[in-house]
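What follows is a set of notes on a single structure, which appears directly below.
Below, chains carry the letters A, B, ... as their sequence lines are ordered, and counting in each starts from 1.
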Amino acid sequence: MMTQMPSPPPEELVKQWESEQKRLRQQVVEEDTEDWQRSPDFSGLERVGGVDLSFIKGDEVSACAQLVVLSYPDLKILYEDSHMVTLTAPYVSGFLAFRETPFLLEALQRLKISQPTLMPQVVFVDGNGLFHYREFGLACHLGVLSGLPCVGVAKNLLQVQGVLKDEEHQSQIAALQKGGDSFPLTAASGKVLGKALRSCDKSFKPVYVSVGHKISLGTAVRLTHSCCRHRVPEPIRQADVRSREYLRIHFPATDT
DNA sequence: GCGACAG
DNA sequence: ATCTTGTCGC
């Protein structure tokens, strides 16, 4: 198998993307805006969404865009949409949104047209929100462009604004006693950009939660914990499982 | 030159 | 993101 060198991202495009993030960043709402967010048990919350994209192994541009809506607090599937898409933007760390957002917005649009009453009241996004180089990750991008409350949940720590994954970070992880415990991810500026959360008792590796849009960090962390049966919150996990299942069925692995 | 690099 | 089997445990 011949290896393919990753094509360098056009610096001109990256500059354009940076200014776009800077512009949209101003529209992020970092506070709770919904009544259910103020409730101790999230009374009034009935539908939580999850989005994800899964890829075919050797293909850089074909992917299955997935949107799921689960009931709350039962976390049962209410809606599912798997849709093959052709990506145009390359993956560049810090600019994930330009690669994925268009297709996630399309999925939300299809839902709005076909089953408007099932529109989620909050969407869990596979990736960071404010915990980002310019405080505008995928969860913020999707939140601002859709107008929906969004929570960013990353499975791996991104070293940004002075946040490091050093021995200190490791010791803080070791100090998390049970599901729901967390510690802040503080930028050099002093601002708390997100929190490392032990999402459930059985999981020791934390997930990194940050504000996407229209929700406070404290609420985002509390809600994420309440949606975790496994390490990854159920909406994102279901979106991941179902999108990969779709690819397995429609694009079976080829031998030779 | 070396390390980092959400998905 | 994807490459990858079995294995240990509930």
Base, sugar-phosphate, or nothing: which does F55(A) touch, judged by heavy atoms less than 4.0 Å apart?
-> sugar-phosphate
How is D126(A) classified with respect to the nucleic acid when contacts are heavy atoms under 4.0 Å: base, sugar-phosphate, or nothing?
-> sugar-phosphate
Would you check, one step at a time, whether the test side chain to side chain donor-acceptor pair (under 3.5 Å) holds for S54(A) with Y246(A)?
-> CA-CA 9 Å; S54(A) 285; Y246(A) 183 92; over 6 Å; no
What integer distance in Å separates R99(A):CZ from dA1(C):P?
-> 12 Å
Q66(A)-R242(A) side chain donor-acceptor pair, cut-off 3.5 Å = no
Can you tell me how far P of dG9(C) sits from NE2 of H230(A), to the nearest Å?
-> 19 Å
Expressed as a whole number of Å, how far does the C1' atom of dC5(B) sit from that of dT2(C)?
-> 16 Å
Given dC5(B), is OP1 or OP2 found less than 4.0 Å from the side-chain N or O atoms of N156(A)?
-> no
Separation of dA1(C) atom C1' from F103(A) atom CZ, nearest Å, is 15 Å
Answer yes or no: is there a donor N or O on one side and an acceptor on the other, between the side chain of E34(A) and the main chain of P149(A), under 3.5 Å?
-> no
For F95(A), report the nucleic acid contact type (base, sugar-phosphate, nothing); a contact means any heavy atom under 4.0 Å.
-> base
Counting only N and O atoms by type, is there a donor-acceptor contact under 3.5 Å from the side chain of S226(A) to the main-chain atoms of L223(A)?
-> yes
From CG of L96(A) across to C1' of dC5(B) the rounded distance in Å is 12 Å
Between dC5(B), dG7(B), dC3(C), spot the one nearest the side chain of K155(A), thanks.
-> dG7(B)
All heavy atoms of E46(A) vs all of L78(A), minimum pair found to be O-CD1, 4.5 Å
Assign G58(A) to base, sugar-phosphate, or nothing according to its heavy-atom contacts below 4.0 angstrom with the strands shown.
-> nothing
Please report, rounded to the nearest Å, how far the P atom of dA6(B) is from the CG atom of L104(A).
-> 17 Å
Toward the 5' end of DNA chain C, which comes first, K202(A) or L247(A), by nearest nucleotide?
-> L247(A)
Nucleotide dT2(C), atom P - distance to OH of Y91(A) in whole Å = 13 Å
Phosphate oxygens OP1/OP2 of dA6(B): is one of them under 4.0 Å from a side-chain N or O of Y208(A)?
-> no
Between P of dA1(C) and CG of D52(A), the distance in whole Å = 7 Å
Proximity to the side chain of R244(A) - top-ranked nucleotide from dG7(B), dA6(B), dT2(C) | dT2(C)
Q159(A) side chain: which of dG7(B), dA4(B), dA6(B) is closest?
-> dA4(B)
Consider the side chain of L158(A), meaning its heavy atoms from C-beta on, and name the nucleotide among dC5(B), dT2(C), dG7(B) that approaches it most closely.
-> dC5(B)
For atom CD1 of I56(A) and atom P of dC3(C), their distance in whole Å = 11 Å
